[in-house]
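Before any comments, here is the structure.
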Amino acid sequence: MPSWLDVRLLLGVVLVLVSVLIGAKVVSGASRTYPAVAVTRDLAAGKILTSDDVKLAQVQLPDHGKGVYLSTLSDAVGKQLDRALSAGELVPGGAVAQTEPRTTLTVPIAAGAAPNLHTGQRIEVWVSTAACSSVVLLPDVTVQDVHADAGGSFTSGTGGQDVVISVPPAVADRVIAALALEDPQIRAGVLVGAAPSSSLSAPGAAARESAQLPDLSACTSESPTR
């Protein structure tokens, strides 16, 4: 057998082996999964993530996708969303931000004073008393959680909803002052569309917005306005 034929045969074997190795690497890389954080339900901008809002999923990501999404639950829990995410959607690192100092409050809403509210919704809240027909209490705040109002301390016991919100301290003082009014009636409505830049859900905007909110002093007047 000519020696050149041996060389061609050897080169052919080498090329086959190289092709097999490259193919195996490509297949292995395509089937490799990476941990990524996904949301468990639809969430609006302004939602402060809890362990119930996120889960860890194993996903196939191109190399350029690694590092784009959060990869551990600890990276997500306690952070505030700055954009809306749909159930099952991966959480990009750029979609969360550190939260400013905030106070968590429960606002009791009587039956019929609001639609059935859900975690992650943006709502507007009003207060009225015998002295004032309606004053905006919170123009745009994200619902953190909702509990059925079964009665007890600090609840109305009307079968309504106890709505949990998280707001800056200055706004929390406003809510507490409203709840301390004589026979306050709290109502809420669901907001739709993109959150405005002045939303109380937007980091840094709440302090500026609270300074422009209507004064609650009208609701303490002895002369009714309605």
Side-chain angles (χ1 to χ4, degrees), residues 34-62 64-107 109 113-126 136-147 161-168 170-172 174-175 186-210 212-213:
Y34 302 92
V37 178
V39 296
T40 59
R41 48 191 167 183
D42 293 346
L43 298 175
K47 179 70 173 70
I48 297 176
L49 297 173
T50 70
S51 57
D52 292 331
D53 298 323
V54 291
K55 63 181 179 180
L56 202 59
Q58 294 294 325
V59 297
Q60 293 182 355
L61 293 173
H64 67 269
K66 294 173 59 180
V68 174
Y69 302 101
L70 300 184
S71 59
T72 66
L73 295 179
S74 60
D75 290 336
V77 175
K79 302 289 181 61
Q80 185 178 30
L81 283 178
D82 65 4
R83 72 181 74 167
L85 294 178
S86 301
E89 189 174 350
L90 300 182
V91 182
V96 296
Q98 292 286 353
T99 58
E100 299 175 341
R102 303 181 79 83
T103 302
T104 300
L105 298 172
T106 298
V107 179
I109 300 179
N116 290 329
L117 300 177
H118 306 285
T119 298
Q121 288 180 319
R122 291 169 42 237
I123 61 174
E124 183 173 8
V125 183
W126 303 271
V136 174
L137 181 60
L138 300 171
D140 189 342
V141 66
T142 302
V143 175
Q144 303 296 324
D145 206 351
V146 182
H147 305 289
Q161 307 169 81
D162 289 335
V163 180
V164 179
I165 59 174
S166 181
V167 293
V171 180
R174 175 180 175 83
V175 175
I186 307 294
R187 294 179 293 121
V190 177
L191 298 171
V192 296
S197 59
S198 60
S199 168
L200 291 179
S201 300
R208 299 189 299 271
E209 183 73 10
S210 61
Q212 303 174 8
L213 292 176

I need the minimum non-hydrogen distance between [X] and [Y], along with the two atoms involved.
{"X": "L56", "Y": "S71", "value": "CD1-O, 3.4 Å"}
{"X": "A188", "Y": "I123", "value": "CB-CD1, 4.3 Å"}
{"X": "A87", "Y": "D42", "value": "N-OD1, 2.7 Å"}
{"X": "T104", "Y": "S166", "value": "OG1-OG, 4.1 Å"}
{"X": "T72", "Y": "V37", "value": "O-CG2, 3.3 Å"}
{"X": "Q161", "Y": "V146", "value": "OE1-CG1, 3.9 Å"}

> Taking the side chain from T142 and the backbone from A45, do they hold a donor-acceptor pair closer than 3.5 Å?
Replying inline: yes
> Can any side-chain N or O of Q144 pair as donor or acceptor with the backbone N or O of L105 at less than 3.5 Å?
Replying inline: no
Is the closest side-chain heavy-atom distance between [X] and [Y] below 4.5 Å?
{"X": "L43", "Y": "L49", "value": "yes"}
{"X": "W126", "Y": "L137", "value": "no"}
{"X": "I48", "Y": "R102", "value": "yes"}
{"X": "L70", "Y": "V54", "value": "no"}
{"X": "R83", "Y": "P92", "value": "yes"}
{"X": "T106", "Y": "V164", "value": "yes"}

> Measuring from D162:CG to I109:CD1, what's the distance to the nearest 0.5 Å?
Replying inline: 8.5 Å
>> Tell me every residue that passes side chain to side chain donor-acceptor pair (under 3.5 Å) with D53, counting only those two or more places apart in sequence or in another chain.
In response: R41, K47, T50
>> Among residues at least two apart in sequence or on other chains, which ones pass side chain to side chain donor-acceptor pair (under 3.5 Å) with D52?
In response: none
> Out of D140, V141, V136, which one pairs with E124 under the side chain to side chain contact (heavy atoms under 4.5 Å, CB included) rule?
Replying inline: V136
